There are 2 protein chains.
Amino acid sequence: MKTTEKYGKKISTALSMWVKLSRAYHTFSKKAVEDIRKYNLTEPQFSVLESLGHLGPMPIGKLCSKQLVTGGNMTLVVDNLEKEGLVKRVHSTTDRRTIVVQITEKGKTLFDQIFIQHAKRMTEIASVLSEKEQNELARLLKKLGTSITE
Amino acid sequence: MKTTEKYGKKISTALSMWVKLSRAYHTFSKKAVEDIRKYNLTEPQFSVLESLGHLGPMPIGKLCSKQLVTGGNMTLVVDNLEKEGLVKRVHSTTDRRTIVVQITEKGKTLFDQIFIQHAKRMTEIASVLSEKEQNELARLLKKLGTSITE
DNA sequence: AAATATTATTTTAAGGTTAAAATATTTAAG
DNA sequence: CTTAAATATTTTAACCTTAAAATAATATTT
C-alpha cells in the first residue's frame, strides 16, 4: 500500500519532500566533507575557520548562533582548532565572561589556500542544476527554512 | 566586499544555494528531532523503527544502505534499540554472517502509535509551502541529490 | 580440499552533537 | 553595597558518526 493511499495526499507530499531534502543534504554534505578532509579539517572546523576568515574575530557565542550549535559543541570544535594552532582564544577586554576566537597566521594562510578551491568544487557539484534552477531552489529552501521558527 | 564581487556569480549562486540547503535541513531536522524526543527516541532510532515497521525484518547491512550510514554506526543504533526491547537480532538461517533485525511487539506498538502523529507534525511544518511548491522543491532536490553520485 | 578473497558485522579511537549541571562574571534589584 | 538574576563558557554523560582494524563466515581459486 502506498503512502498516499494510507495517509492521504497532503501527508504524502510533505513526507516525500522531507525525504528528498534529507537525501540531497546528506549526499551534498558527504561531498563537502570528503573535500574538506583533504585539508585535514572536519566540516565544523572548516565552517569556523570560514566565519573567522571572512568576518574577523568573534566570541564563541556568536559562532554558536551562526552555525546553529550549542556552546558545549563549539567549545570542543574550538579546542581542536586551537590544538592545531589554527585559532586562538583571547579574553574580551570589556567583558571577561566572553572569549573571543581569532584566526592565527597559520589558520589564515590555510584558509586562503583552501577556501576558493573548496568553493569551486562545490560549484561544480551544483552545476547539475542551471543557475536559474539553483536560484529557484534557494528561494524555496529559504522560504521553508526561515518560516520554521516558532 | 560581497561574495559575488570576490569570487564571481556562478560560485556565489552555488554557495548561496548550499548555505540555504544546509540551513533548511538543520531547522527541519531540529523540529523532527524535537518531536521524536517526546517518544524517548533519537532520530536514527526512529528511522530504523520506521524501516522495520513499514518493510519488515531486514539485515543490518540493508539498514545501513537505506539510511546511508556505516556498519559501525548501525551496530550501535541497533544496540540501543535492543536495550529498550524495541527490536531484536536474529541470525539468518541461510547465511550466518548476516544478522537480521526485526521489530518486537513492543516496538511495533510504539511505532503504530507515533508514526502518524509524527507524519502529521512534519506535514504541518511543511505547510508554509503550497503543495505545488513542495512538489517543485522535491523535484529540484531529487535532481540535485541523485546526480551527485560520482 | 586448502588457501585466498570477499562479505557482514563488530570493535576501537577520534570527533561531533545535545541537554543539563557547574563556573565565572556581569547586571539588576533591593 | 549586597543579593539575586542573567549571561558566556565549560564540563559531563549519553548518543551519533566515521574510518580502519578485527572477527567470523561464505565463496572462489588453485
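None of the values given here were measured: they were computed from a predicted structure. No hydrogens, no waters, no symmetry mates; every other heavy atom, side chains included, goes into these values. Residue numbering restarts at 1 for every chain, and letters A, B, ... go by the order of the sequence lines.
Residue contacts shown for B:Thr42 are limited to sugar-phosphate atoms, with no base heavy atom under 4.0 Å away. Within the nucleic acid shown, B:Leu68 comes within 4.0 Å of sugar-phosphate atoms alone, with no base atom in reach, counting heavy atoms only. B:Thr98 comes within 4.0 angstrom of sugar-phosphate atoms only, judged by non-hydrogen atoms across all strands, and of no base. Backbone-only engagement by B:Gly61 is indicated by non-hydrogen atom pairs under 4.0 Å involving sugar-phosphate atoms exclusively.
Between B:Gly72 and B:Glu84, the residue anchored closer to the 5' end of DNA chain D is B:Glu84, taking for each the nucleotide with the nearest heavy atom. Both A:Lys30 and A:Arg89 lie near DNA chain D, and the one whose nearest nucleotide falls closer to the 5' end is A:Arg89.
At whole-Å resolution of the value, CD in B:Glu82 and C1' in C:dT9 are 13 Å apart. The separation between A:Met74 atom CE and D:dT10 atom P is 11 Å, rounded to whole Å. Between the CG atom of A:Leu63 and the P atom of C:dG16 there is a distance of 14 Å, rounded to whole Å. Atom CG in A:Asn40 sits roughly 11 Å away from atom P in C:dG15 (whole-Å rounding). Taking atom CD of A:Glu34 as the reference point, atom P of D:dT17 lies 18 Å away to the nearest angstrom. With rounding to whole Å, B:Leu76 atom CG is found 13 Å from C:dT12 atom P. Rounding to whole angstrom units, CG of residue B:Asp95 and P of D:dT23 are separated by 20 Å. Rounded to an integer number of Å, the gap from CD of A:Gln45 to P of C:dG15 is 8 Å.
At C:dT18, one or more side-chain N or O atoms of A:Asn73 fall inside 4.0 Å of OP1 or OP2 (strictly under the cut-off). Residue B:Thr70 places no side-chain N or O under 4.0 Å from the OP1 or OP2 atom of D:dT17. Applying the 4.0 Å criterion to OP1 and OP2 of D:dA14, one finds that B:Asn80 has every side-chain N and O outside that range. A:Gln67 has no side-chain polar atom (N or O) that falls below the 4.0 Å cut-off from OP1 or OP2 of C:dG16.
One N or O donor and one acceptor, one from the side chain of B:Arg97 and one from the base of C:dT7, sit under 3.5 Å apart. Judged by distance alone with a 3.5 Å cut-off, no donor-acceptor contact links the side chain of A:Arg96 to the base of C:dT25.
Distance alone, capped at 3.5 Å, places no donor-acceptor pair between the A:Ser22 side chain and the A:Val19 backbone.
Under 4.0 Å is where a charged nitrogen must lie from a carboxylate oxygen, and between A:Lys108 and A:Glu105 no such pair does. A salt bridge does not link B:Arg37 with B:Glu34: every distance from a Lys NZ or Arg NE/NH1/NH2 to an Asp or Glu carboxylate oxygen is 4.0 Å or more. Using a 4.0 Å cut-off between charged nitrogen and carboxylate oxygen, B:Lys106 and B:Glu84 do not count as a salt-bridge pair. Look at B:Glu82 and B:Arg89 and you find a salt bridge, because one of the NZ, NE, NH1 or NH2 atoms lies within 4.0 Å of a carboxylate O, short of that distance.
Across D:dC15, C:dG15, C:dA19, the shortest atom-to-atom separation from the side chain of B:Arg37 is found for C:dA19. Side-chain proximity of A:Ile99 to C:dT9, D:dT10, C:dG16: nearest is D:dT10.
Ring pair A:Phe111/A:His54 is perpendicular by interplanar angle, where above 60° counts as perpendicular and below 30° as parallel.
For C:dT26, the paired nucleotide is D:dA5, the pair qualifying as Watson-Crick or G-U wobble because both relevant distances are below 3.5 Å.
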